[in-house]
2 protein chains.
Amino acid sequence: MSRRDDVLATLAAAPGFLAAQQVYTRLRARQIGIGLATVYRVLAALEAEGVADVVRSAGGETLYRLCRSSGHHHHLLCRDCGRAEELDAAVVERWAAGVAREHGFDDVSHTVEIVGRCSRCRG
Amino acid sequence: MSRRDDVLATLAAAPGFLAAQQVYTRLRARQIGIGLATVYRVLAALEAEGVADVVRSAGGETLYRLCRSSGHHHHLLCRDCGRAEELDAAVVERWAAGVAREHGFDDVSHTVEIVGRCSRCRG
DNA sequence: CTATATGCAAAAAGTTTGCATCTCC
DNA sequence: GGAGATGCAAACTTTTTGCATATAG
């Protein structure tokens, strides 16, 4: 099994986003002798291929997660357990495009992240 | 004039977001002998006070800008010149809250960044 | 005089790169 | 044997911290 597959398996097993360091730690915990550099290289490749989503944490880390849907989408993230749900958001798409046009902006892309507390964590 | 005011003046003079390093460079260019550590400390304070907006760049830097409106808002950012316009977005607010509720999420906050090319940069 | 602010340099934290080795074809 | 993958360690970038000095009230 290639290191790439090891990283993919780790991401696939996670409910939400993982930092590179977390991927590394989990693999080492499973006795897989991967290097941190390889983790970073694989994650960068997955991002480039569009296989993984990327968000930046408040602490400045880069977090990765496998894309569950292929198209453009957004995330709903639990701030306590890190659980992430992917959202389809035609409404925001249209909103974003419209607002941009009003301001004379073109060629628009956007980021939407919603963070809250999920039912499980609300207790 | 305190270093805090120097940093505030620099942010106020910028059309968009600035990285800490840019604030530092601009101040040094104006013969102001500030330390990089102070820039970071002041920016962190401004963020904590809610005086400055913060976004993370794709490169992992933390970018700062003075808030122009006091309430919650979003940004429309030009990817070429960095010009940023602040948006009021009642529509997204409602959308975000609604989507969250559907998924059993509570206590929601969100981030929306729209990036495009402004009329000036489109040529 | 005491508390806070500041500068410098060192230290962290996260990420990337150089390079030798190892693997698979 | 050769291209690409990998590990390790060193380098880099951004940000934070320790500590001594300077400044404000």
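Naming: A, B, ... by sequence-line order, numbering from 1 per chain.
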Could you state the interatomic distance from [atom1] ([X]) to [atom2] ([Y]), rounded to the nearest 0.5 Å?
X         : Y         : atom1 : atom2 : result
Arg101(B) : Asp106(B) : CZ    : CG    : 9.5 Å
Ser119(B) : His103(A) : OG    : NE2   : 11.0 Å
Asp53(A)  : Arg65(A)  : CG    : CZ    : 5.5 Å

Give me the distances for all protein-to-nucleotides 11-16 of chain C N/O pairs that come in under 3.5 Å?
unit_1, atom_1, unit_2, atom_2, d
dT15(C), OP1, Thr62(A), N, 2.7
dT15(C), OP1, Thr62(A), OG1, 2.9
dT15(C), OP2, Tyr40(A), OH, 2.4
dT15(C), O5', Tyr40(A), OH, 3.3

> Excluding sequence neighbours, so at least two apart, what forms salt bridge (Lys or Arg N to Asp or Glu O under 4.0 Å) with Arg4(A)?
Replying inline: Glu49(A)
Expected list for residues 9-29 of chain B: side-chain donor-acceptor pairs under 3.5 angstrom, two or more places apart:
unit_1, atom_1, unit_2, atom_2, d
Thr10(B), OG1, Asp6(B), O, 2.9
Gln22(B), OE1, Ala19(B), N, 2.8
Thr25(B), OG1, Gln21(B), O, 2.8
Arg28(B), NH1, Ile34(B), O, 2.6

> Could you go step by step and tell me if Arg117(A) and Phe105(B) meet the side chain to side chain contact (heavy atoms under 4.5 Å, CB included) rule?
Replying inline: CA-CA 5 Å; Arg117(A) 186 161 4 249; Phe105(B) 278 59; over 6 Å; no
>> Based on the rotation axes of five pairs at each end, what angle does the helix from dC1(C)-dG25(D) to dC25(C)-dG1(D) bend through, to 10°?
In response: 20°
> Just by distance, with hydrogens left out, do Thr38(B) and Arg3(B) show a side-chain donor and acceptor under 3.5 Å apart?
Replying inline: no
> Out of Leu8(A), Val7(A), Asp5(A), which one pairs with Val42(A) under the side chain to side chain contact (heavy atoms under 4.5 Å, CB included) rule?
Replying inline: Val7(A)
>> What is the first contacted nucleotide of DNA chain D and what is the last, in 5' to 3' order, if contact means an atom lying under 4.0 angstrom from a heavy atom of chain B?
In response: dT14(D) to dG18(D)
>> Apply side chain to side chain contact (heavy atoms under 4.5 Å, CB included) to residues Glu61(A) and Leu63(A) and explain how you reach the verdict.
In response: CA-CA 6 Å; Glu61(A) 302 156 280; Leu63(A) 306 178; 4.3 Å; yes
> Given atom CG of Asp5(B) and atom P of dT4(C), what is their separation to the nearest angstrom?
Replying inline: 18 Å
> Is there a residue in residues 22-34 of chain A whose heavy atoms reach under 4.0 Å of DNA chain C, and which residues are they?
Replying inline: none
